[in-house]
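All remarks here apply to the structure that follows.
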There are 2 protein chains.
Amino acid sequence: MNTRDAIIKVGDELIRDRGFNAFSFYDVSKALGIKNASVHYHFPTKTALAIAVVQQHSRLVDELMQKTAAKDPLVKLQAFLSIYTYTKAENKVCIVGSLATDLHSVDGSIQQELKLLVEKILHWVTGILEEGRNKKIFHFDTSARTRALLVITNMLAALQLTRLTGEKDFKLVKETIIKELKNKQ
Amino acid sequence: MNTRDAIIKVGDELIRDRGFNAFSFYDVSKALGIKNASVHYHFPTKTALAIAVVQQHSRLVDELMQKTAAKDPLVKLQAFLSIYTYTKAENKVCIVGSLATDLHSVDGSIQQELKLLVEKILHWVTGILEEGRNKKIFHFDTSARTRALLVITNMLAALQLTRLTGEKDFKLVKETIIKELKNKQ
DNA sequence: GTCTATATTCCGATAGAC
DNA sequence: GTCTATCGGAATATAGAC
């Protein structure tokens with residue numbers, strides 16, 4: 001991995017572990033065994049780094065969408081949920097939650113990039129749920145978009161809340177979501 | 001209101017608007033027309049202020065529990081949900097979400113205080129849902145605690161996510177939660 | 001209880017050598 | 001592309017006058 005990508009990786013981990021305002025370029029440089037000034041060579045500002053981090057998440061979502069495009073809706077849903085499972089294993093939170101709570105302290109350009117990511121995810125999950133309902137795999141009686149909002153909020157906050165109640169509750173939330181989408185009402 | 005309480009109020013608003021690491025004692029003093037050093041007289045450290053903020057939320061939950069103790073479960077649930085509605089009107093997030101995303105950057109004493117608050121809320125909501133099911137007002141087929149986790153995560157993250165998608169989605173999530181608890185499966 | 005003044009540390013960012 | 005060195009500013013916190 002080149003230095004630029006390594007910086008993005010460390011920056012992402014720090015943002016989702018501690019929050020945007022709780023890490024410094026020194027933290028990043030220390031983790032990579034380089035100097036503060038070298039980080040600034042790749043990312044002139046902290047804002048520029050945060051934007052690159054959000055864009056990296058956006059690309060990962062794109063990849064996951066493409067990889068599962070031909071699969072059935074349950075597999076697609078599990079692919080989406082796996083993002084959170086992986087995140088929970090690190091006891092981190094998701095990039096959306098981390099930056100949303102600090103939203104009014106970050107630059108407008110970061111807010112804008114995050115908004116694009118949220119719209120992409122919401123559109124993706126809405127499509128998965130709609131397709132699943134059409135194929136009688138999922139059952140729910142709200143709009144698909146509303147159901148997507150409920151599923152996403154469950155998962156996003158489960159990462160945060162279960163930092164305080166325990167990891168078992170995260171699995172409980174995830175499994176209940178799947179179970180209830182499968183159940184006929 | 002005395003200065004101490006005014007500091008707690010401003011500190012709370014700043015934490016839930018921008019995050020713990022994005023505000024300073026100068027921000028607080030500026031908002032109150034006093035000096036940095038005066039804030040330190042009341043709260044020797046930023047950690048001490050954050051603990052007082054969390055304890056204040058805990059007291060408010062106690063008051064809401066007591067005020068609604070004799071009411072029916074639907075009124076109790078609406079009282080609980082009203083916390084988030086009020087928070088959304090300010091476009092802030094809840095104290096649990098704000099500190100949970102920054103959790104690994106704050107002192108252990110804050111983490112501990114937050115854990116107590118989360119346990120109190122989870123226990124309260126679990127009791128409301130259990131009572132509602134016993135009285136045939138709510139209907140769900142998970143444990144009451146699991147249902148409480150789902151309701152709390154929906155609301156907590158709705159505050160965050162709808163900073164990026166719009167306030168209408170917050171109302172949508174809240175109303176769907178109530179509707180689905182009332183509906184027979 | 002609030003003030004002025006300041007000590008100390010850290011952070012974001014830049015200049016310029018290699 | 002990475003380094004040393006440093007600037008300017010901000011933040012937490014404290015000492016001591018009033």
Side-chain angles (χ1 to χ4, degrees), chain A residues 1-56 98-99 101-111 113-114, chain B residues 1-54 56 98-99 101-111 113:
Chain A
M1 196 185 302
N2 61 35
T3 303
R4 185 189 151 89
D5 289 343
I7 292 169
I8 291 174
K9 183 169 185 288
V10 172
D12 173 50
E13 287 169 354
L14 287 167
I15 291 174
R16 292 184 300 103
D17 188 55
R18 308 164 52 81
F20 177 76
N21 294 300
F23 85 97
S24 69
F25 272 32
Y26 174 69
D27 293 326
V28 176
S29 67
K30 191 174 50 178
L32 295 174
I34 58 178
K35 297 295 170 180
N36 173 16
S38 299
V39 181
H40 273 285
Y41 170 79
H42 294 280
F43 297 98
T45 63
K46 204 178 168 185
T47 293
L49 174 53
I51 290 174
V53 165
V54 176
Q55 287 173 338
Q56 172 70 7
S98 178
L99 290 174
T101 56
D102 297 346
L103 198 70
H104 297 161
S105 76
V106 305
D107 193 86
S109 56
I110 298 175
Q111 299 180 16
E113 205 63 43
L114 193 64
Chain B
M1 197 185 301
N2 61 34
T3 303
R4 185 189 149 88
D5 289 343
I7 293 169
I8 291 173
K9 183 168 184 288
V10 172
D12 174 50
E13 287 170 353
L14 288 167
I15 291 173
R16 291 184 303 103
D17 188 55
R18 307 163 53 81
F20 177 76
N21 294 299
F23 86 98
S24 69
F25 271 33
Y26 174 69
D27 293 326
V28 176
S29 67
K30 192 175 50 178
L32 296 174
I34 57 178
K35 297 295 170 181
N36 173 14
S38 300
V39 181
H40 273 285
Y41 169 79
H42 294 281
F43 299 97
T45 64
K46 205 177 166 184
T47 293
L49 174 54
I51 289 173
V53 165
V54 176
Q56 173 70 6
S98 179
L99 290 176
T101 56
D102 297 346
L103 197 70
H104 296 161
S105 77
V106 304
D107 193 86
S109 57
I110 299 176
Q111 299 181 15
E113 205 64 42

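Letters A, B, ... are given to chains in the order of the sequence lines, protein chains preceding strands, and every chain is numbered from 1.
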>> Distance check needed: dT14(D) C1' versus His42(B) NE2, whole Å only.
In response: 16 Å
> Can you tell me how far OG1 of Thr101(B) sits from CD1 of Ile15(A), rounded to the nearest 0.5 angstrom?
Replying inline: 12.0 Å
> Which pair of non-hydrogen atoms, one from Val53(A) and one from Gly11(A), has the smallest distance, and what is that distance?
Replying inline: CG2-C, 4.2 Å
> Given atom CZ of Arg18(A) and atom P of dC10(C), what is their separation to the nearest angstrom?
Replying inline: 13 Å
>> Does dG1(D) have its OP1 or OP2 closer than 4.0 Å to a side-chain nitrogen or oxygen of Tyr41(A)?
In response: yes
> Between the axis at one end of the helix from dG1(C)-dC18(D) to dC18(C)-dG1(D) and the axis at the other (five pairs apiece), what's the angle to 10 degrees?
Replying inline: 0°
> To the nearest angstrom, how far is Phe25(B) atom CZ from dT14(D) atom C1'?
Replying inline: 13 Å
> For Lys30(A), what residues pass the side chain to side chain contact (heavy atoms under 4.5 Å, CB included) criterion, not counting sequence neighbours?
Replying inline: Tyr26(A), Asp27(A)
>> Rounding to an integer number of Å, can you tell me how far Leu49(A) CG sits from dC11(C) P?
In response: 15 Å
Scan nucleotides 3-5 of chain C against the protein and return all N/O pairs shorter than 3.5 Å with their distances rounded to 0.1 Å.
unit_1	atom_1	unit_2	atom_2	d
dC3(C)	OP2	Lys35(B)	N	2.7
dC3(C)	OP2	Ser38(B)	OG	2.7

> Got Asp102(A) and Asp102(B) here, is their nearest side-chain heavy-atom distance under 4.5 Å?
Replying inline: yes
> In whole angstrom, what separates Phe43(A)'s CZ from dG1(D)'s C1'?
Replying inline: 14 Å
> Are side-chain heavy atoms of Asp5(B) and Ile8(B) found at a separation under 4.5 Å?
Replying inline: yes
>> What is the distance, to the nearest angstrom, from the NZ atom on Lys30(A) to the C1' atom on dT2(D)?
In response: 19 Å
> Leu32(A) CG to dG1(D) P: how many Å, rounded?
Replying inline: 15 Å
> Where is the tightest heavy-atom contact between Gln111(B) and His104(B), given as atom of each residue plus distance?
Replying inline: NE2-CA, 4.4 Å
Identify all side-chain donor-acceptor contacts of residues 41-51 of chain B below 3.5 Å with residues at least two apart in sequence or on another chain.
unit_1	atom_1	unit_2	atom_2	d
Thr45(B)	OG1	Ala48(B)	N	3.0
Lys46(B)	NZ	Phe20(B)	O	2.8
Lys46(B)	NZ	Phe23(B)	O	2.7

> Is any side-chain N or O of Thr3(B) closer than 4.0 Å to OP1 or OP2 of dT2(C)?
Replying inline: yes
> Is any side-chain heavy atom of Leu114(A) less than 4.5 Å from a side-chain heavy atom of Leu103(A)?
Replying inline: yes
>> So which atom in Ser29(A) and which in Lys35(A) form the shortest heavy-atom distance, rounded to 0.1 Å?
In response: CB-C, 3.5 Å
> Rounded to whole angstroms, how far apart are CZ on Phe20(A) and P on dC11(C)?
Replying inline: 13 Å
>> Within the 4.0 Å heavy-atom criterion, would you say Phe23(B) contacts the bases, only the backbone, or no part of the nucleic acid?
In response: sugar-phosphate
> How about Asp17(A) and Glu13(A): do any of their side-chain heavy atoms sit closer than 4.5 Å?
Replying inline: no
Report, one pair per line, the protein and nucleotides 7-10 of chain D atoms (nitrogen or oxygen only) whose separation is under 3.5 Å.
none

> Does Ser105(A) have any side-chain hydrogen bond (donor to acceptor under 3.5 Å, both in side chains) partners at least two apart in sequence or in another chain, and if so, which?
Replying inline: Asn21(A)
>> It should be established whether His40(B) places a side-chain nitrogen or oxygen under 4.0 Å from OP1 or OP2 of nucleotide dG1(C).
In response: no
